[in-house]
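The structure under discussion appears below in the form of structure tokens.
In this text the structure is predicted, and so the values were computed from the model without any measurement. Worth knowing before you read on, the calculation uses all heavy atoms, side chains too, and leaves out hydrogens, waters and symmetry mates.
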Amino acid sequence: QVQLVESGGGLVQAGGSLRLSCAASGRAFSGYAMAWFRQAPGKEREFVAAIDWIGSTYYTDSVKGRFTISRENAKNTVYLQMNSLKPEDTAVYYCAADLKVSQTTGYDYWGQGTQVTVSS
């Protein structure tokens, strides 16, 4: 069982930056693939970024060059550094964990989400 708790969301102006954190409980964190998804009002939850257990990273096209996913296994934490934020990045951001990396929503474990709002 893995429990995930996100933090770091908030209100930021366009062009600004935020860093989201996701703290995981349980053992064997280093063996899990970790991902960030987001869901805007009235839209489906979409993949943002993922990092597998060896550190390979994956991004959706709209965030490439602006967002960076990283993990710190000693702290059981995954991060999402978001730079050059745009109003269209506004959404609830969710952390997810699974033994297999994927760009779909089929992850076994999910956090409760953290709101990111980018004003124009």
Side-chain angles (χ1 to χ4, degrees):
Q1 189 76 9
V2 176
Q3 292 184 325
L4 305 172
V5 179
E6 303 98 333
S7 61
L11 174 64
V12 63
Q13 288 187 334
S17 298
L18 283 174
R19 189 177 80 156
L20 304 183
S21 299
C22 173
S25 66
R27 295 177 290 180
F29 169 80
S30 61
Y32 281 86
M34 303 297 296
W36 289 94
F37 288 78
R38 65 187 180 187
Q39 188 166 17
K43 295 188 177 181
E44 293 187 351
R45 192 170 298 188
E46 66 171 357
F47 171 79
V48 175
I51 184 167
D52 64 18
W53 68 279
I54 60 171
S56 298
T57 57
Y58 310 84
Y59 298 93
T60 192
D61 286 346
S62 63
V63 309
K64 286 180 181 177
R66 300 189 298 123
F67 291 10
T68 303
I69 188 171
S70 61
R71 64 190 301 159
E72 191 169 357
N73 290 336
K75 294 186 176 181
N76 281 14
T77 301
V78 64
Y79 304 98
L80 185 67
Q81 178 67 44
M82 305 186 295
N83 298 329
S84 301
L85 282 161
K86 305 176 181 179
E88 51 263 44
D89 294 319
T90 295
V92 177
Y93 282 70
Y94 296 91
C95 176
D98 200 280
L99 291 175
K100 185 178 180 180
V101 71
S102 168
Q103 297 189 24
T104 67
T105 56
Y107 280 69
D108 282 341
Y109 304 103
W110 292 86
Q112 82 289 350
T114 186
Q115 177 70 47
V116 172
T117 303
V118 184
S119 63
S120 57

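Listed here is the closest heavy atom pair of Leu4 and Ala97: CD1-N, 3.8 Å. The shortest non-hydrogen separation linking Gly113 to Val92 is CA-CG1, 3.8 Å. Across all their heavy atoms, Arg45 and Thr105 have their closest contact at O-CG2, 4.1 Å. Nearest heavy atom pair, residue Ala14 against residue Ser120, reads CB-CA, 4.4 Å. When all heavy atoms of Trp36 and Ser21 are compared, the pair lying nearest together is CH2-O, 3.7 Å.
With contacts defined as side-chain heavy-atom distances shorter than 4.5 Å, the pair Leu11/Gln115 does not qualify. Side chains of Arg38 and Val63 form a contact here, defined as non-hydrogen atoms less than 4.5 Å apart.
Linking Ile, Leu, Val, Met, Phe, Trp and Tyr whenever their side-chain heavy atoms come within less than 4.5 Å leaves Tyr79 and Val116 in two separate clusters. Taken together through direct or relayed side-chain contacts under 4.5 Å among Ile, Leu, Val, Met, Phe, Trp and Tyr, Met34 and Leu99 form part of one hydrophobic cluster.
The backbone N or O of Asn73 sits nowhere less than 3.5 Å from a side-chain atom of Ser30 that would complete a donor-acceptor pair. Side-chain atoms of Asn83 do not come within 3.5 Å of backbone N or O of Ser17 as any donor-acceptor pair. One N or O on the side chain of Tyr59 and one on the backbone of Ile69 form a donor-acceptor pair closer than 3.5 Å. A side-chain donor-acceptor contact under 3.5 Å links Glu6 to the backbone of Cys95.
Here Asp89 does not pair with Lys86 in a salt bridge; the nearest charged N to carboxylate O distance is not below 4.0 Å.
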task: Report the C-alpha separation of Val118 and Met82 in whole Å, then their side-chain angles, then the decisive distance to 0.1 Å, and conclude whether the side chain to side chain contact (heavy atoms under 4.5 Å, CB included) test is met.
output: CA-CA 11 Å; Val118 184; Met82 305 186 295; over 6 Å; no
Evaluation steps, ring pair (Phe, Tyr, Trp, His ring centres under 6.0 Å), between Tyr58 and Phe47: CA-CA 10 Å; Tyr58 310 84; Phe47 171 79; 7.8 Å; no
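Shown here are the side chain to side chain contact (heavy atoms under 4.5 Å, CB included) partners of Lys43, two or more places apart in sequence or in another chain: Ala40.
Checking each of Thr68, Val78, Val101 against Ile51 for a side-chain contact (heavy atoms from CB on, under 4.5 Å) leaves exactly one that passes, namely Val78.
Taking CZ of Phe67 as the reference point, atom OG of Ser62 lies at 7.5 Å (rounded to 0.5 Å). How far CG of Asp52 is from OH of Tyr32: 15.0 Å, rounded to the nearest 0.5 Å.
Judged by a 6.0 Å distance limit and a 45° cone about the ring axis, Arg71 is positioned over the six-membered ring of Phe29.
Using bins of under 30°, 30° to 60° and over 60° for the plane-to-plane angle, the ring pair Tyr107/Phe37 lands in the perpendicular bin.
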